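Here the structure comes first, spelled out in structure tokens, and everything after it is commentary.
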Amino acid sequence: MSENIDLLKLLARIDDLRLEIREIFPEIEDSKPSNLMEILIEEQIKNEKVEKEKDEIIQKLQNEIQLLKMEKIPEKLEKIPEKNWNCLSEKLKLRCIKFLDLKDRLRLRQTAHKERNLVDFLQFHVDEMLIFGSQNFLNLFKNGESILKISWANSPRNSQFFTLFSIFKICTFDNCILYQPPNELDSIFLEFSEKCPPIRTRELFSRGFSNITYRMLKKSLDFTRIFECKLLETSHDILEKLVSTRYENHLRVLNVNGGNAECYILIKGWITSNPPIGSHLFIQFNGYVNVDKFFGKFKKIWSRVHGELEQELRMPDPSKSILIQVSRSSTIKCTVVET
Amino acid sequence: MSSTEQGTSSAAPAEPTTAPESAAAPEVPESFYYVHGKDKVVHKVSAGALQHSALIHGMISNLGYTEEQAKANPFPFENIDGDILQMVVDWCNQHKGKPTPPEDTNLPKQKEKLFDLVLAVNYLEIKELLTYCCKQVAMMVKGKSPEEIREIWMIPTDAEDEAAEKEAKKRAGKEAAGETAAAAGDAK
């Protein structure tokens with residue numbers, strides 16, 4: 001700055017000198033400023049410009065630092081709010097989801113946690129679910145029409161598990177049918193049966209009984225269980241395992257190969273589980289049931305004899321008893337009644 | 001009713017955009033009411049058409065307005081855009097006293113307007129129109145992949161959601177700190 005002031009002083013001095021010269025020699029025309037003068041003035045202007053630019057740059061930098069110091073506003077908030085799905089209330093979202101079919105709901109479920117919870121909350125009712133073990137595919141039906149068919153042949157394992165889990169999570173069923181012997185099911189079901197969410201079905205039908213059905217039953221809610229036992233599976237071990245599962249209400253066991261002994265195992269196990277009043281146990285035999293022998297096994301707990309084919313048995317709970325009706329077509333129906 | 005009066009005064013030059021002139025003829029026994037949205041444009045709607053909206057129907061039955069009073073005090077719906085209110089009024093006029101069809105092809109296809117319409121219809125409690133609109137919203141993503149659904153409905157990913165929540169928490173924390181500091185300053 002001091003240099004500039006000196007220069008200005010010098011210029012002023014030069015101007016004074018020029019005026020003096022003109023006074024002494026008035027005939028001399030006013031010429032253009034000397035080159036030195038021009039250079040000096042230009043330099044002065046340049047210096048001023050540079051100074052100004054410097055100040056401006058400093059100001060700009062200071063402003064930028066100030067902005068950086070300030071809190072960063074998220075990009076989303078900077079955007080002008082546009083009406084979209086997120087503007088809708090949960091009630092309205094559910095209203096919209098109601099119009100989506102199962103496939104679309106499964107896809108929407110994958111978008112975000114909030115949407116997943118909404119889809120799970122709004123249960124999708126399916127009439128029937130068929131799980132084919134030997135063919136490794138699953139088929140869901142609504143109003144008699146197949147709405148979702150999944151084959152496990154080529155899809156990655158994680159995807160299989162996720163799809164199966166999602167279906168059980170969002171669907172309620174009238175019937176859940178394990179159509180093929182569960183032992184033959186793909187290993188995915190073996191893993192799935194351990195981590196299976198609650199099955200919301202009115203009836204679970206299983207052609208056979210295995211560890212998979214046993215595990216799935218444990219995860220299940222209250223429904224009627226139907227087991228169609230194959231010849232080889234109707235061993236005493238299988239039947240004991242079958243009755244050791246949680247039977248609170250209704251059970252139907254079909255195609256039992258055997259007679260009095262098998263029937264005794266099933267009824268004894270059922271009585272031990274202390275089913276509530278109104279519960280049913282229905283057993284259908286392939287073979288012949290000797291009615292006298294059959295009732296003879298329960299002689300110790302007889303409470304009332306209604307007829308040749310109808311008797312009442314005592315239960316551990318004195319307020320309840322079991323009415324057993326045997327038909328000639330090899331079926332036994334047990335009902336829990338009030339004493 | 002000050003807001004209503006303001007609305008009326010500002011909307012005074014505006015002509016009723018719906019309902020033909022003949023409909024307002026004195027021999028027609030039907031009564032008319034007036035509504036306006038954010039743009040203050042007043043729409044004339046018959047009581048029959050307004051019956052679709054549970055909200056307005058409830059307001060009418062509770063207030064017991066005469067035609068003159070209704071004209072002087074249009075129902076203000078400041079949270080509804082003018083064009084959206086126009087759509088709703090048109091729909092109500094079209095379906096006045098008629099059984100509602102299973103499909104409505106007159107609904108807007110642009111997603112922004114559709115969401116606006118859903119919100120407006122929900123506010124006005126027009127059940128049938130809300131059902132149509134919700135169905136239309138659902139149809140937007142029919143057969144689409146999860147990524148496409150996310151894009152169409154602008155659903156934020158969980159990561160985005162978390163980031164936004166964190167930001168909101170930070171802001172709330174800073175605001176609270178600022179308030180306490182200000183309070184402490186005042187106390188001094």
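Protein chains get the first letters and strands the later ones, always in sequence-line order, with residue 1 at the start of each. Note that the structure is predicted; figures quoted are calculated from it, not measured. Heavy atoms only: backbone and side chains are in, while hydrogens, waters and symmetry mates are out.
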**Item:** Side-chain donor or acceptor of A:N86 paired with backbone N/O of B:P156 under 3.5 Å
**Value:** no
**Item:** Reported CG-to-CG distance for the pair B:L114 and A:N84, which is rounded to 0.5 angstrom
**Value:** 12.0 Å
**Request:** Anything under 30° is parallel, anything over 60° is perpendicular, the rest tilted; go ahead and classify B:F115 against A:W85.
**Result:** perpendicular
**Request:** Can you check whether anything in residues 107-115 of chain A gets within less than 4.5 Å of chain B, heavy-atom wise, and list it by number?
**Result:** A:R107, A:L108, A:Q110, A:T111, A:A112, A:H113, A:K114, A:E115
**Request:** Return the set of residues passing salt bridge (Lys or Arg N to Asp or Glu O under 4.0 Å) with A:K149 (not counting sequence neighbours), or none when no residue passes.
**Result:** none
**Request:** Quick one: closest heavy-atom pair of B:M139 and A:F99, and the distance?
**Result:** CE-O, 4.2 Å
**Item:** Which portion of B:V141 sits near chain A, non-hydrogen atoms under 4.5 angstrom
**Value:** both
**Fill in**
Pair count under 4.5 Å, heavy atoms only, with chain A: among B:A163, B:G143, B:S145, highest is B:G143
**Prompt:** What residue in B:E148, B:K144, B:E147 has the most heavy-atom pairs under 4.5 Å with chain A?
**Reply:** B:K144
**Asked** Hey, does B:L119 have a side-chain heavy atom less than 4.5 Å from the side chain of A:L92?
**Response** yes
